Amino acid sequence: MSVLLESSSTSAAMRRNFWAGVWRVMKRKPSRLVGAVLMAGFAFMGVFGPMFYPDPLPRDPSQLTRPPSWEHWLGTDDQGRDVIALVITGSRYVLLAALVTAVITVVVGTGIGLFSGFKRGRWDSVLMRLTDMKLTIPGLPLLLVLSTVWQFSSAVQMGLVLGLLSWGSVARAVRSQTLSLRERGFIEAARGLGLSTTHIVGKELLPSMAPYIAMNTLIAITAGVYAQVGLFFLGVLPYESNNWGQMLNTAVFRSAALTVPSALGFLLGPLLAILLLTLAIVLVVDAMDEIFNPRLREE
């Protein structure tokens, strides 16, 4: 009983020390706190933001493509809808698709990379050849072809396709990390004790790579946002759902935002959202790099 109590108290102390270290790292550069706040804000906006607006958004024929004003801070679109409302309601599709993309990319890539790097031999050769084949497939042309038969009306569908097209580089990187870790003493000891592959990979290798996986997840979210926004901007996907890419397409090609000053706010709305989200992820990744890498910590 005393051993269990001591173990639980030790775990609690380690958790307290970890979060205290996280707070110190975040305080060291206020920009990192800004990044964390921005990420929390985008998460709130994606989950709860659309609930504050009616569906569909009200149209005002007397306010078509108006410049920013006190009533509409970023102006209106070509249907008289508030640009900020469009950005907020369009965030759910973009962020959900990006999150699904990141989860699939990291789960598939990490699973293949861990198994391939640890088992080596025939399995390593087969899985890496499949990964190399995946990396040679051009993503954008394939997405353009898929868009002719798949409408991508659901954010989950979009994230699923993007994730299945994006795991190759993660698998390669995780395999390299695994090849390095498998020669460490604690892995050799686990193998010497006859522990199963599942235990070694899940309990020994995976925790050691958790920081790297977490940062790749955030980076994959950024890539997912860029990919889907680019597809909607090019106009190859239907306008069945409001999102930032569709806003950019409409602003440039239908409202002539590049040449008409009154439509500039319509263009800046989604661009600012993408810029702030990217900035938030970069700042949080910077903090995570120092949190999980002791050599980067400053005393």
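This one's a predicted model, so the numbers in the text were calculated from it and none came from an experiment.
- Taking 4.5 Å as the limit, every side-chain heavy atom of Val83 sits out of range of all side-chain heavy atoms of His72.
- Remark: Ile84 CD1 to Thr89 OG1 distance equals 11.5 Å, nearest 0.5 Å.
- Residues passing the side-chain hydrogen bond (donor to acceptor under 3.5 Å, both in side chains) test with Asp132 are Arg129, Arg172, sequence neighbours excluded.
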Worked check of side-chain contact (heavy atoms from CB on, under 4.5 Å) between Leu181 and Phe118: CA-CA 9 Å; Leu181 288 173; Phe118 183 77; over 6 Å; no

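- Nearest heavy atom pair, residue Pro270 against residue Leu248, reads CG-CD2, 3.5 Å.
- Scanning both residues, Gly46 and Arg92, for their nearest heavy atoms gives O-NE, 3.1 Å.
- Rounded to the nearest 0.5 Å, atoms CE (Met39) and CG (Leu277) are 7.0 Å apart.
- Here the side chain of Thr76 pairs a donor or acceptor atom with the backbone of Thr65 at under 3.5 angstrom.
- Expressed to the nearest 0.5 Å, how far CG of Asp78 lies from CZ of Arg254 amounts to 4.5 Å.
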side-chain contact (heavy atoms from CB on, under 4.5 Å) between Val108 and Ile112: does it pass, once the steps are laid out? CA-CA 6 Å; Val108 175; Ile112 291 176; 3.9 Å; yes

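- Thr217 places no side-chain N or O within 3.5 Å of a backbone atom of Ala102 that could act as its donor or acceptor partner.
- Of all heavy-atom pairs spanning Asp82 and Glu71, the tightest one is OD1-O, 4.3 Å.
- Rounding to the nearest 0.5 angstrom, the gap separating the OG1 atom in Thr110 from the CG atom in Leu205 is 12.0 Å.
- At a threshold of 4.5 Å between non-hydrogen side-chain atoms, the residues Thr278 and Val225 do not count as touching.
- Under the 4.5 Å side-chain heavy-atom criterion for grouping Ile, Leu, Val, Met, Phe, Trp and Tyr, Leu95 is connected to Leu218 within one hydrophobic cluster.
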Working note: Val107 + Trp167, criterion side-chain contact (heavy atoms from CB on, under 4.5 Å); need CA distance, chi angles, decisive distance, verdict. CA-CA 8 Å; Val107 169; Trp167 57 265; over 6 Å; no

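- Hydrophobic clustering, with ILVMFWY side chains joined whenever heavy atoms are under 4.5 angstrom apart, keeps Leu276 apart from Leu96.
- The cluster map of Ile, Leu, Val, Met, Phe, Trp and Tyr, joined by side-chain heavy atoms under 4.5 Å apart, puts Ile104 and Leu127 in the same cluster.
- One N or O on the side chain of Ser154 and one on the backbone of Val156 form a donor-acceptor pair closer than 3.5 Å.
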Please step through side-chain contact (heavy atoms from CB on, under 4.5 Å) for the pair Thr178 and Phe115, ending with a clear verdict. CA-CA 9 Å; Thr178 305; Phe115 188 79; over 6 Å; no

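- Asp286 contributes no side-chain N or O that, together with a main-chain N or O of Val282, makes up a donor-acceptor pair within less than 3.5 Å.
- Between Asp124 and Arg175 there is a side-chain heavy-atom pair separated by less than 4.5 Å.
- The backbone N or O of Met133 lies less than 3.5 Å from a partner atom in the side chain of Thr136, making a donor-acceptor pair.
- Scanning all heavy atoms of the two residues, the minimum distance from Met158 to Ala97 falls at CG-CB, 4.0 Å.
- Annotation: Met51, atom CE; neighbour count of heavy atoms from other residues, nucleotides and ligands within 6.0 Å is above 12.
- Listed here is the closest heavy atom pair of Trp244 and Gly90: NE1-C, 3.9 Å.
- Hydrophobic clustering of Ile, Leu, Val, Met, Phe, Trp and Tyr side chains at less than 4.5 Å, counting indirect connections, unites Trp73 with Val87.
- The backbone N or O of Ile88 lies less than 3.5 Å from a partner atom in the side chain of Ser91, making a donor-acceptor pair.
- For the atom pair Met209 CE and Leu114 CG, the distance stands at 5.5 Å (nearest 0.5 Å).
- Closest non-hydrogen pair, Thr101 versus Leu162, comes out as OG1-CB, 3.4 Å.
- Between Asp77 and Thr250, the closest side-chain pair of non-hydrogen atoms is not below 4.5 Å.
- Atom CD of Gln79 and atom CZ of Arg59 lie 4.0 Å apart (nearest 0.5 Å).
- Relative ring orientation between Phe253 and Phe233 is described as tilted, the plane-to-plane angle lying within the 30° to 60° band.
- Both Leu74 and Val252 belong to a common hydrophobic cluster when Ile, Leu, Val, Met, Phe, Trp and Tyr are linked at side-chain heavy-atom distances under 4.5 angstrom.
- The aromatic rings of Phe232 and Tyr93 lie perpendicular to each other, with more than 60° between the two planes, well past the 30° mark.
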